[in-house]
Amino acid sequence: MATLIKTDGSKLEIQPQNGLDFQLDELQKFVDGYIDIINLHNGDILVINDNGKDVLDSNETATEIAHKHNAIFGWDYICGDVVMCKDKEVQ
């Protein structure tokens with residue numbers, strides 16, 4: 001089960017349309033743009049907007065998760081809505 005982490009801190013459980021794995025166009029709709037992937041080194045990933053810092057609000061919840069897993073530098077942050085899911089859910 002994947003989670004959409006919104007910039008307001010709310011979370012929504014989501015599933016791939018095909019029931020198996022997310023397709024690129026689905027992920028781009030969730031994050032509102034081109035994607036980038038942050039590996040949390042535990043089988044989970046964060047799918048973020050690649051250009052989020054340019055135009056989107058900060059996502060404190062996703063930033064805290066990434067910092068907890070040492071997936072981004074301590075000074076770095078994430079912007080925009082984020083999909084958190086298992087690595088195997090993205091092909």
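Bear in mind the structure is a predicted one, so any value in this text is a computation, not a measurement.
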Problem set entry | Asn59 side chain to Ala62 backbone, donor-acceptor under 3.5 Å | yes
Exercise. Is Leu40 linked to Ile72 within one hydrophobic cluster, defined over Ile, Leu, Val, Met, Phe, Trp and Tyr using a side-chain heavy-atom separation of less than 4.5 Å?
Worked result: yes
Show me the donor-acceptor pairs, under 3.5 Å and distance only, between side chains in residues 76-87 and residues at least two apart or in other chains.
{"residue": "Asp76", "atom": "OD1", "partner": "Lys53", "partner atom": "NZ", "Å": "2.3"}
{"residue": "Asp81", "atom": "OD1", "partner": "Thr7", "partner atom": "N", "Å": "3.0"}
{"residue": "Asp81", "atom": "OD2", "partner": "Lys6", "partner atom": "NZ", "Å": "3.1"}
{"residue": "Lys86", "atom": "NZ", "partner": "Asp44", "partner atom": "OD1", "Å": "3.1"}

For this session: Report yes if the side chains of Gln23 and Gln17 come closer than 4.5 Å at any heavy-atom pair, otherwise no.
Result: no
For this session: Could you list all the ring pair (Phe, Tyr, Trp, His ring centres under 6.0 Å) pairs where at least one residue sits in residues 11-43, not counting sequence neighbours?
Result: none
Exercise. For Lys11, what residues pass the salt bridge (Lys or Arg N to Asp or Glu O under 4.0 Å) criterion, not counting sequence neighbours?
Worked result: none
Exercise. What do the steps show when you test Val90 against Ile45 for side chain to side chain contact (heavy atoms under 4.5 Å, CB included), and what is the final call?
Worked result: CA-CA 9 Å; Val90 176; Ile45 59 173; 3.7 Å; yes
Seminar exercise, completed: Applied to residues 56-68, the salt bridge (Lys or Arg N to Asp or Glu O under 4.0 Å) test, sequence neighbours excluded, yields none
Problem set entry | Contacts of type side-chain contact (heavy atoms from CB on, under 4.5 Å), residue Ile35, not counting sequence neighbours | Leu24, Leu27, Gln28, Val31, Val47
Exercise. Rounded to the nearest 0.5 Å, how far apart are CG of Leu20 and CG of Asn18?
Worked result: 5.0 Å
For this session: Kindly compute the distance separating CG (Leu12) from OG1 (Thr3), expressed to the nearest 0.5 Å.
Result: 8.5 Å
Exercise. If you round to the nearest 0.5 Å, how far is OG of Ser10 from CD1 of Ile5?
Worked result: 10.0 Å
Exercise. Which pairs count as salt bridge (Lys or Arg N to Asp or Glu O under 4.0 Å) when at least one residue sits in residues 16-37, sequence neighbours excluded?
Worked result: none
